[in-house]
There are 2 protein chains.
Amino acid sequence: MNSAGYLVNNLARLLVEVLRKRIAPLGIVPGQFPALLALWEKDGLTQKELLAMLDIEQATLANTLIRMERDGLISRKEHPADARARTIHLTDQGRSIRDSAYQAAMQINEEVLADLSEDETRAFLSYMRRVIGKIKDVENS
Amino acid sequence: MNSAGYLVNNLARLLVEVLRKRIAPLGIVPGQFPALLALWEKDGLTQKELLAMLDIEQATLANTLIRMERDGLISRKEHPADARARTIHLTDQGRSIRDSAYQAAMQINEEVLADLSEDETRAFLSYMRRVIGKIKDVENS
DNA sequence: TACTATTACATAGTTAGCTATACAATGCTA
DNA sequence: TAGCATTGTATAGCTAACTATGTAATAGTA
């Protein structure tokens with residue numbers, strides 16, 4: 001029960017649930033966060049372009065976008081040049097929650113890392129990046 | 001995209017998928033792992049007793065047990081003293097994969113942590129435990 | 001002893017991830 | 001230019017997590 005895998009999984013679930021509670025008032029859920037971050041950066045992307053900015057599978061994104069549309073966060077327009085594609089646009093609502101959402105996420109980060117010093121936090125993030133990198137090249141071998 | 005939350009989530013998903021591939025030949029899936037670990041330790045538990053050993057919700061376990069039964073890993077008997085409860089027993093198959101499953105899990109741990117020194121690994125695990133502890137008491141306040 | 005509260009487990013419904021596959025539009029090539 | 005391959009997105013079906021709620025059995029109490 002103390003393996004890295006177990007701990008990472010446990011930690012991830014706890015963090016998602018904290019995030020879920022904090023952003024519920026904004027009318028969004030954790031799975032929408034990465035897509036929103038990308039769209040706040042650049043609106044009007046196609047699904048493919050958005051996908052390239054995220055670390056999830058195409059089918060996962062397609063379903064997330066359906067829920068975001070249902071929830072009034074985005075709308076989609078036909079692509080001017082390619083009838084297969086649609087461009088994705090934040091609604092007023094999707095745009096309006098930006099600052100509060102950033103706030104909530106940063107707040108959580110701060111709170112949960114409060115017991116680690118700056119150096120420890122830096123090390124922690126760097127270990128995660130290194131392990132992620134390692135897995136990705138273990139997988140492609 | 002580099003927040004602790006994002007990294008933890010990403011890492012957890014990557015690890016689960018690695019585990020999924022490695023244990024597929026054994027006829028088990030990642031969600032069954034914690035329950036199996038507990039049952040390999042002690043067979044014949046009730047759902048409630050098993051639940052107490054795991055960090056998931058009761059409903060999640062109930063569904064996992066249904067799939068484990070379906071997959072021939074466990075069987076359930078009526079509890080001798082309490083008709084509401086049932087005792088959970090590994091089948092021969094559930095018992096037989098124990099060593100290979102442990103092996104696979106340890107192997108993955110080793111591989112993905114290979115780029116961290118022993119000290120770094122220790123620190124990494126300890127940071128995760130500290131953050132988990134912090135979240136749990138942030139939540140209860 | 002008859003209610004009522006509690007307990008053990010199951011079920012419903014949701015999110016969010018995955019793989020595999022379908023489908024229509026586009027692009028390339030003989 | 002007709003036909004095939006590729007691409008962009010959607011859908012189906014699965015696991016695994018969550019909360020909320022149902023149900024039957026047990027336990028506690030007036």
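In what follows, every chain begins at residue 1, and chains take the letters A, B, ... in the order their sequences are listed. Treat the numbers as computed from the prediction; the structure is a model and nothing was measured.
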A/Val131 vs B/Leu113 side-chain heavy atoms within contact, under 4.5 Å: yes

Pairwise 5' ranking along DNA chain C for B/Thr87 and B/Asn9, keeping only the more 5' one: B/Thr87

5′-ward residue of the pair B/Gln32/A/Thr46 relative to DNA chain D: A/Thr46

Test: B/Arg130 and A/Glu120 ion pair at under 4.0 Å: yes

Polar side-chain atom of A/Asp71 near backbone of A/Leu73 as donor-acceptor pair, under 3.5 Å: no

All salt bridge (Lys or Arg N to Asp or Glu O under 4.0 Å) counterparts of A/Arg22, not counting sequence neighbours: A/Glu111

Between B/Asn9 and B/Arg13: side-chain donor-acceptor atoms closer than 3.5 Å: yes

Partners passing side chain to side chain donor-acceptor pair (under 3.5 Å) against B/Asp119 (at least two apart in sequence or in another chain): B/Arg122

Smallest separation among heavy atoms of A/Gln47 and A/Leu61, with atom names: O-CD2, 3.6 Å

Segment of DNA chain C, first to last nucleotide, that comes within the 4.0 Å heavy-atom reach of chain B: C/dT7 to C/dC18

Side-chain (A/Gln32) to main-chain (A/Val29) donor-acceptor, under 3.5 angstrom: yes

Along DNA chain D (nearest heavy atom to each residue), the more 5'-positioned of A/Lys21 and B/Gly31: B/Gly31

5' priority, DNA chain C, between B/Arg86 and A/Ala83 [closest heavy atom]: B/Arg86

Start and end of the DNA chain D segment that chain A contacts, any atom under 4.0 Å from a heavy atom: D/dT7 to D/dC18

Counterpart residues, side chain to side chain donor-acceptor pair (under 3.5 Å), relative to A/Thr121 (two or more places apart): none

DNA chain D contacts made by residues 58-70 of chain B, counting heavy atoms under 4.0 Å: B/Ala59, B/Thr60, B/Arg67, B/Arg70

CG-CD1 distance between B/Leu19 and B/Ile108, expressed to the nearest 0.5 angstrom: 4.5 Å

